[in-house]
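Here's the structure we're looking at; comments come further down.
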Amino acid sequence: MSSTRHLFFEHCAQTSPMPLTIEINRAKGLHLFDVNGKSYLDLISGIAVSNVGHCHPKVVAAVQKQAETFMHLMVYGEYVQSPQVKLAEKLASLLPQNLSCTYFTNSGSEAIEGAIKLARKYSQKSEIISCHNSYHGSTLGALSIIGDDEYRSHFEPLLPNTKRIRHGIIEDLSLITDKTAVVVIEAIQAEAGIYKASKEYWTALQQKCKETQTLIVCDEIQTGFGRTGTMFGFQNVGIQPDIITLAKGFGGGMPIGAFVSSKEIMQTFTTNPILGHMTTFGGHPVCCAAALATIEVIENEKLVNNIPFKAEAFKSLIQHPSLIKDFRQEGLMMAIEFESFEINKKIIDLCLENRIITDWFLFNSKSMRIAPPLVITIEEIEEACSVINRVLKQI
Ligand code: PMP
């Protein structure tokens with residue numbers, strides 16, 4: 001065992017009995033290079049993060065420039081910091097009018113925490129509804145609303161007044177009542193293994209929330225920044241959220257999250273008490289500069305426009321022998337479902353041996369995750385699919 005590997009097991013907190021343990025010392029575009037110079041094709045983007053590829057030169061330049069201009073100056077919300085202002089203005093230009101005011105965080109979990117805290121205080125209600133099989137984060141509030149009862153049960157007691165509904169099932173909307181403060185939902189359920197709902201469902205949800213004065217939080221942490229073929233996933237399904245949460249692909253590889261809402265709703269944090277939500281590092285100038293550069297890359301390289309074409313290439317190139325039980329896809333969010341976890345694991349391991357990085361989903365271990373950087377080329381899609389097809393034949 002190399003000494004770094006040994007030290008990894010010795011001193012870095014372990015959260016899995018079987019970590020991937022590849023040791024990378026350089027990354028560029030779709031490629032990760034390990035310490036022996038072996039290159040891997042990244043088909044999971046560090047779990048939906050590297051939408052513009054690893055170390056995009058425009059993002060690297062923005063980070064370098066901001067790092068030598070200023071880094072941390074003051075806790076969030078006191079000084080006028082141009083990287084934050086430019087990024088918030090850019091987000092407002094991409095979003096509907098009611099989503100014009102941004103609170104920056106360091107991560108997705110913190111964005112969810114802020115969003116549910118804001119929705120509860122604004123509505124003066126406390127009940128939170130989320131979906132079965134959803135993942136929203138690992139902090140206690142976010143953990144309280146994730147949709148896996150077994151997983152959650154190990155950390156109880158958690159937040160009171162939380163309920164779960166099935167994503168896409170109209171009957172379950174009857175659980176939303178006047179007592180509900182907020183429904184937290186993903187346009188496409190990511191960790192459930194890529195599930196979407198019908199147009200009728202979204203219309204019924206919107207209607208029910210209007211009737212009961214329930215706020216809608218769209219968790220855009222995986223679906224945001226082009227992944228599903230629109231800049232944000234909610235634009236794909238036609239819902240009008242009151243709050244959205246962002247993270248992952250937002251920073252082009254740098255840690256940043258946000259929750260975005262209207263000025264009126266966000267004002268809830270300004271009085272009674274003042275400083276209703278605080279963060280020291282949220283909206284770090286270097287991360288904001290990286291995020292602005294990332295959005296500009298997505299726009300300038302027309303990454304969103306090309307998603308349907310690339311998604312179709314994956315769909316047509318992966319051969320569907322009887323081994324594949326289901327293939328679910330929304331843009332470059334894909335799930336290939338097999339009979340069992342054992343078969344899926346074998347395929348994922350074989351792909352890794354063949355230098356293709358895939359994964360399963362947190363709440364769907366039978367399905368293989370494919371969520372490559374959006375900058376993937378047609379040649380790279382062909383290369384990836386030919387390896388996957390070869391592996392499928394070996395099973
Ligand atoms: N929401 C969704 C949909 C996610 O996929 C994740 C992370 N996997 C989170 C929230 C939490 O984000 P973070 O890990 O940055 O806290």
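First listed ligand is number 1; within each ligand, the first listed atom is number 1. When a residue number appears, it is its place in the shown sequence, counting from 1.
Looking at Arg164, its side chain never comes within 3.5 Å of a backbone N or O of Ile129 through a donor-acceptor pair.
Listed as neighbours of ligand 1 are Ser107, Gly108, Ser109, Tyr135, His136, Gly137, Glu186, Asp219, Ile221, Gln222, Lys248, each bearing a heavy atom under 4.0 Å from the ligand.
Under a 4.0 Å N-O distance rule, the pair Arg152/Asp148 does not qualify as a salt bridge.
For the pair Phe8 and Gln14, the tightest heavy-atom approach, listed with the atom from each and the gap, is O-NE2, 3.1 Å.
The cationic group of Arg355 does not satisfy the cation-pi geometry with Tyr40, failing either the under 6.0 Å distance to the six-membered ring centre or the 45° limit from the ring axis.
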Under 3.5 Å, which donor-acceptor pairs do the side chains of residues 244-255 form with other protein atoms, sequence neighbours left out?
| residue | atom | partner | partner atom | Å |
| --- | --- | --- | --- | --- |
| Thr245 | OG1 | Asp219 | OD1 | 3.4 |
| Lys248 | NZ | Ile47 | O | 3.1 |

- salt bridge (Lys or Arg N to Asp or Glu O under 4.0 Å) assessment of Glu301 paired with Lys58: CA-CA 11 Å; Glu301 297 187 12; Lys58 292 265 165 52; 5.9 Å; no
